[in-house]
Engineer: 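Pasting a structure here, questions to come.
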Amino acid sequence: MTPSRHATRRSSSEGGRSRELALILAGRTWLGGKIRSIEIGIDEEGTIRAIGRSLRGAPRHDVGESFLLPSATDLHVHFRDPGRESDVEDFATGTLQAALGGLGLVADMPNTRPRVDTLDRLRAKEARAQGRALVDVLLYAAATPRASLDALARRAGAFKLYLSPTTDVDEVPTGADLDRLLARVAATNLPLSVHAEDPARFHQEIEPANPPDWNRVRPVDAERTAVDALLRGPSGLRLHVAHVTDATIAGRLRNEGASFEATPHHLLLSERSGDGAKFKVNPPLRSERRRRALWEAFVRGEIPCLASDHAPHSSEEKQRPFPLAPSGMPNVETMLPLLLARVRAGDLPLPILLAAACDRPARWIGQPRGRIALGHRADLLVVDFRVRRTIAARNLHAPCGWTAFEGWEGIFPREHYLRGRRIVEGGEFVGGHGGIIVRPEFAPTRAPPQPRPIAE
Ligand code: DOR
Ligand code: ZN
């Protein structure tokens with residue numbers, strides 16, 4: 001059921017203006033520390049206007065025993081748009097996977113071809129996203145010493161800085177150049193996500209043949225020194241460290257009040273000598289001991305954000321000899337389903353997942369979404385925890401055609417509402433090109449260290 005234009009009764013008023021509800025969703029959710037039955041009233045614009053036990057005044061859709069959860073925000077995707085002919089993703093294919101995987105907003109990285117480091121390139125990328133995106137998109141601009149950051153900051157959603165070479169990144173700032181760059185980014189007041197690995201700590205002399213070798217080439221030490229350099233930066237910086245792989249580094253960032261993320265692959269996968277280049281990522285998969293410590297920190301709610309680092313490469317590219325194969329794996333469709341399956345298995349509390357996947361990422365980029373709260377965007381999922389699916393690349397929508405999570409269990413949203421409009425029904429995409437490009441709408445907050453309730 002989609003919102004009707006004919007709702008008549010007024011259900012709530014705000015700022016002297018009456019708001020008519022267009023749709024009421026009824027189901028169960030996690031609210032105020034426990035599972036409750038609730039009804040969510042959504043207006044014509046797709047904003048949550050009423051939350052109660054029994055609402056009236058609009059068509060009502062009851063999801064029964066299923067859960068109503070906020071859509072997630074993914075702070076880290078690479079949709080390769082614009083890109084090369086051989087690139088296996090664009091805004092249409094990437095946002096389709098996001099919609100099916102329960103993400104209402106994805107933040108796209110600037111290491112495309114060309115790199116997004118000028119206003120013209122940013123505008124060109126906006127033009128590509130407009131009309132193609134099926135969910136909302138935020139665009140990062142590259143923070144480089146030569147970029148005109150003030151101009152970019154007026155249009156971009158956030159900045160991204162690479163401290164080490166990776167896919168389509170060769171040059172990285174160090175020393176005084178880095179300090180100056182961080183000060184310039186802080187002055188723009190836009191959030192900054194950083195790929196924090198220090199190449200001075202890489203062991204380039206090792207010829208890698210498998211993921212454990214790759215872990216030796218780019219060790220945790222490289223992450224630690226890069227994070228140290230960032231934490232010496234200006235205090236006004238709205239810092240977020242991408243893909244943290246180690247629990248002690250996570251603890252340090254938490255103590256300093258910085259935001260950061262962990263990816264599903266670093267939380268769920270560790271280095272195995274029998275694995276090939278499909279398991280090659282930057283930063284590398286770590287030892288099982290380190291992975292478990294990171295997972296335990298996540299379960300305790302000590303990792304503010306979950307992000308996919310969805311970085312697809314074709315099977316052909318991944319079949320190159322290990323040292324030459326590109327780093328990265330797809331995950332935008334599977335991130336939330338994998339973690340919802342951990343909730344169902346009893347390994348992960350639901351409110352901890354919702355805080356990390358929905359609430360805190362949205363706060364960091366100043367977006368009023370990610371919680372079932374008045375005034376928030378009605379980007380909502382219907383999740384039936386009883387229905388599990390075995391993940392198989394042939395049933396996913398990634399054009400690269402493979403997943404590192406083949407055979408894992410996932411719980412995929414049955415329905416997805418974007419601004420109150422249903423875009424997924426029965427696990428199938430039924431929406432349109434309704435995604436918009438968003439920027440911070442309020443001063444982004446630093447990530448609160450403790451999980452917060454998902455509704456107020
Ligand atoms: O594994 C990765 N792949 N890490 C990155 O930092 C970049 C990404 C990509 O763009 O392929
Ligand atoms: Zn990335």
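First listed ligand is number 1; within each ligand, the first listed atom is number 1.
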Engineer: Nearest protein heavy atom to atom 9 (C) of ligand 1, by residue and atom, and its distance?
Structural biologist: T167 OG1, 3.2 Å
Engineer: Taking the side chain from S327 and the backbone from P283, do they hold a donor-acceptor pair closer than 3.5 Å?
Structural biologist: no
Engineer: Where the side chain of T95 meets the backbone of A133, is there a donor-acceptor pair that is under 3.5 Å apart?
Structural biologist: no
Engineer: Which residue and atom name correspond to the protein heavy atom nearest atom 3 (N) of ligand 1, and how close is it?
Structural biologist: S327 O, 2.9 Å
Engineer: In this structure, is the centre-to-centre distance between the rings of H310 and F79 below 6.0 Å?
Structural biologist: yes
Engineer: Between E409 and R344, is the closest basic N to carboxylate O distance under 4.0 Å?
Structural biologist: no
Engineer: Is a donor on one side and an acceptor on the other found under 3.5 Å between the side chain of Y140 and the backbone of L75?
Structural biologist: yes
Engineer: Using a 3.5 Å cut-off on N or O atoms only, is K280 in polar contact with ligand 1?
Structural biologist: no
Engineer: Tell me whether A311 has any N or O atom under 3.5 angstrom from an N or O of ligand 1.
Structural biologist: no
Engineer: Within 2.8 Å of the Zn ion (ligand 2), is there any N, O or S atom belonging to H78?
Structural biologist: yes
Engineer: Could you establish whether R80 and ligand 1 come within less than 4.0 Å of each other, counting only heavy atoms on the residue side?
Structural biologist: yes
Engineer: Any N/O/S atom from H195 (main chain or side chain) under 2.8 Å of the Zn ion (ligand 2)?
Structural biologist: no
Engineer: For ligand 1, is any non-hydrogen atom under 4.0 Å from T166's backbone (N, CA, C, O), its side chain (CB onward), both, or neither?
Structural biologist: side chain
Engineer: Does any donor atom in the side chain of R369 or T73 lie under 3.5 Å from an acceptor atom in the other side chain?
Structural biologist: no
Engineer: Could a heavy atom of H313 be found less than 4.0 Å from some atom of ligand 1?
Structural biologist: yes
Engineer: Are R132 and F91 in a cation-pi setup, meaning NZ or CZ lies under 6.0 angstrom from the ring centre and within 45 degrees of the ring axis?
Structural biologist: no
Engineer: If we ignore hydrogens and angles and just use 3.5 Å, is the side chain of K318 paired with the main-chain N or O of G328 as donor and acceptor?
Structural biologist: yes
Engineer: Quick check: of its N, O or S atoms, which one does D309 have closest to the Zn ion (ligand 2)?
Structural biologist: OD1
Engineer: For ligand 1, note which part of M329 has a heavy atom under 4.0 Å away: side chain, backbone, both or neither.
Structural biologist: neither
Engineer: Answer yes or no: is there a donor N or O on one side and an acceptor on the other, between the side chain of D359 and the main chain of G370, under 3.5 Å?
Structural biologist: no
Engineer: I'd like to check which ligand 1 atoms, numbered from 1 as shown, lie under 4.0 Å from a non-hydrogen atom of N111.
Structural biologist: 10 (O)
Engineer: Please work out which of N282, T263, V281 has its closest non-hydrogen atom nearest to atom 4 (N) of ligand 1.
Structural biologist: N282
